[in-house]
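Lettering of chains follows the sequences in order, A, B, ..., and the numbering in each one begins at 1.
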Protein chains: 2
Amino acid sequence: MAKRVSTKDKILNAAEALFAEHGFEQTSLRQITADAEVNLASVNYHFGSKKALIQAVMARYLEVLMPALDRELAELAQRSQVTTRAVFDCFREPLNELRQVRKHGPTIFLSLLGYAYADIQGHLRRYTMDHFGDVMQRLLATLHLANPQLSPVDMFWRLHFVLGATVFAQVSGPALREIAAADFGEAIAADQVIDRLIPFLAGGVDAPTE
Amino acid sequence: MAKRVSTKDKILNAAEALFAEHGFEQTSLRQITADAEVNLASVNYHFGSKKALIQAVMARYLEVLMPALDRELAELAQRSQVTTRAVFDCFREPLNELRQVRKHGPTIFLSLLGYAYADIQGHLRRYTMDHFGDVMQRLLATLHLANPQLSPVDMFWRLHFVLGATVFAQVSGPALREIAAADFGEAIAADQVIDRLIPFLAGGVDAPTE
DNA sequence: GTCTATAGTATGATAGAC
DNA sequence: GTCTATCATACTATAGAC
C-alpha cells in the first residue's frame with residue numbers, strides 16, 4: 001500500500017501546518033509549495049486563489065466537527081439536567097474526531113480558528129460566521145438550559161469570552177508550554193491544555209453577574 | 001493654544017490606530033505615513049525601523065500602565081482578605097489612566113496587546129514578556145493569596161486563559177458589539193465589555209480544578 | 001527635518017510550453 | 001496536470017538633494 005498523496009492534498013497538508021503556526025497572511029504560497037514539494041503554480045490551478053485555499057483548509061475540519069457537535073448538543077438537550085460543564089464536555093468528542101482528518105487535527109484546527117477569528121479582513125470572518133452562526137445559536141440555547149438565570153446578552157458575551165480563552169490558549173499554546181516547562185519543570189502535552197481549560201470556562205460561565 | 005503636534009507624535013498616533021485595527025504586520029509604513037500626513041521616510045528618520053516604531057507605540061502605554069498596576073497590587077497585598085475579584089479590579093484604574101495617553105487608550109492598548117501576544121515572530125513577544133514577566137510574577141503571587149488551594153502551575157495556566165479571553169474580547173470587540181446590537185437590539189460601549197468580563201474571569205479562576 | 005527617487009526584495013497570479 | 005518564466009504590485013529601507 002504505497003501512500004499516493006495527490007498534489008491537492010499535499011498542498012492542503014503543508015498549508016494547514018504553516019497557517020496554524022504563522023497565521024494566514026503571514027504564510028506565502030511560496031512557503032507552502034516548497035514544503036509540499038509541488039510547483040508554485042499548482043495552488044492556483046487546484047484552488048484558484050490563496051483565499052480559496054484558506055477556505056478549503058478550514059472546510060476539511062468544519063465538515064467533520066459540525067455534524068459531530070450537532071449530534072452531541074442534541075443528545076444533551078434531551079436530558080433532564082443540563083450543566084455548563086456538560087455543555088463544554090460536548091466539545092471533547094467532536095474535537096477528538098478531527099484526528100480522522102489529521103494526526104494533530106484538534107490542535108491544528110483550534111489554532112486555525114484563532115487566526116481565522118482574529119482576521120479582521122472579513123472574508124474568513126464571514127465564512128466562519130456563516131458556519132459558526134448556527135452552532136452559536138444551538139450553543140446559546142443549550143447553555144441557557146444550564147443557566148436560565150443569565151440573560152441572552154450575558155450569555156452571548158460569556159460564550160465569546162470562552163471562545164477567546166480557548167483559541168488564545170491554543171495559539172499561544174506552544175510558547176506557554178515552553179514557559180511552563182521552564183518555570184515549573186513540568187512538561188504538559190498540548191491535549192492536556194484543554195483539560196485545564198474546561199473547568200476554567202465552566203466556572204466563568206456559571207459565575208454570578210456583577 | 002494651537003495644537004502643534006510633532007511629526008513623531010503624528011506617526012505614533014496614526015500607527016497605533018492602524019495597528020489596533022489591523023495588526024502589526026498587516027499595517028504598512030505607507031498606510032501609516034499617509035494617515036499621519038507625513039513623509040514615508042520620516043518613520044525611518046525618527047524611529048529607525050518599523051520594529052522600533054512598534055515598540056515605541058507599546059512603550060507609550062506600558063510606561064503608564066505598569067507603575068499604576070504595581071501600585072494597586074502592592075496596596076491590595078497588604079489587606080487581610082484578598083479575593084480573585086479584587087485582583088482583577090486592580091486593573092480597572094490603571095487601564096483607565098491610559099486615557100491620559102490617548103482618548104481611547106484602554107481600548108487601543110488591549111487590542112495592541114492582543115496582536116502583540118499572538119505575534120509569533122518573537123521580537124514583540126520577547127519585548128512584552130520582558131515587561132510583563134515582572135507583572136505576571138506579581139500577579140501570580142497576589143492571586144495565590146486569593147486562591148491558596150491552587151497550585152502554581154494551575155494558576156499559571158488560568159492566568160493565561162484570563163489574558164486570552166481579555167485580549168480576544170478586545171480584538172473581536174467591534175465585530176461582537178455589532179452582532180450583539182443586531183441580535184439583541186442593544187448597543188454596548190467598548191468600556192462596558194470589561195464590566196461583563198471581570199465577573200467571568202473571577203469565576204473561572206476561582207473554579208474548582210478537574 | 002523633510003523631501004524625491006530608488007534600490008532591493010517579496011508577494012499573488014498567470015501565460016504558455018510540454 | 002505540471003512546469004518555467006514573468007508580470008504587476010507591494011513592501012521596508014536608504015541615499016542624497018534641499
Practice task
Flag the pair Arg92(A) and Asp195(A) as a salt bridge only when some basic side-chain nitrogen lies within less than 4.0 angstrom of an acidic carboxylate oxygen.
Solution key: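 Result for this pair is yes, salt bridge flagged.
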Practice task
In plain terms, say whether Arg71(A) and Glu93(A) are close enough for a salt bridge, that is, a side-chain N and a carboxylate O under 4.0 Å apart.
Solution key: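 No.
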Practice task
Take Tyr45(A) and Gln31(A), find for each the nucleotide of DNA chain C with the closest heavy atom, and name the residue whose nucleotide sits nearer the 5' end.
Solution key: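 Its nearest nucleotide lies further toward 5', so the answer is Gln31(A).
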Practice task
Could you check Glu37(B) against Gly48(A) and say which one's nearest nucleotide on DNA chain C is further toward the 5' end?
Solution key: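 In this pair, the answer is Glu37(B).
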From [options], nucleotide with atom closest to [X] side chain:
{"X": "Ala41(A)", "options": "dT4(D), dA15(D), dA13(C)", "answer": "dT4(D)"}
{"X": "Asn39(A)", "options": "dA13(D), dC3(D), dA13(C)", "answer": "dC3(D)"}
{"X": "Asn44(A)", "options": "dC3(C), dA13(D), dA13(C)", "answer": "dA13(C)"}

Practice task
Would you mind classifying the nucleic acid contact of Ser28(B) as base, sugar-phosphate or nothing, using non-hydrogen atoms under 4.0 angstrom?
Solution key: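 It contacts sugar-phosphate atoms only.
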Exercise for the section: Could you check whether Thr27(B) gets within reach of a base, just the sugar-phosphate, or nothing at all, counting any heavy atom under 4.0 Å? Expected result: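 Touches sugar-phosphate only.
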Practice task
For Glu25(A) and Tyr115(A), test the side chains for any donor-to-acceptor distance below 3.5 angstrom and give the result as yes or no.
Solution key: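 Checked: Glu25(A)/Tyr115(A) side chains show no N/O donor-acceptor pair below 3.5 Å.
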Handout entry: DNA chain D: 5'-proximal contact among Arg30(A) and Val38(A) (nearest heavy atom)
Key =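 That would be Val38(A).
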Practice task
Check the angle between the aromatic planes of Phe200(A) and Phe200(B) and answer parallel, tilted or perpendicular using the 30° and 60° thresholds.
Solution key: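 Perpendicular.
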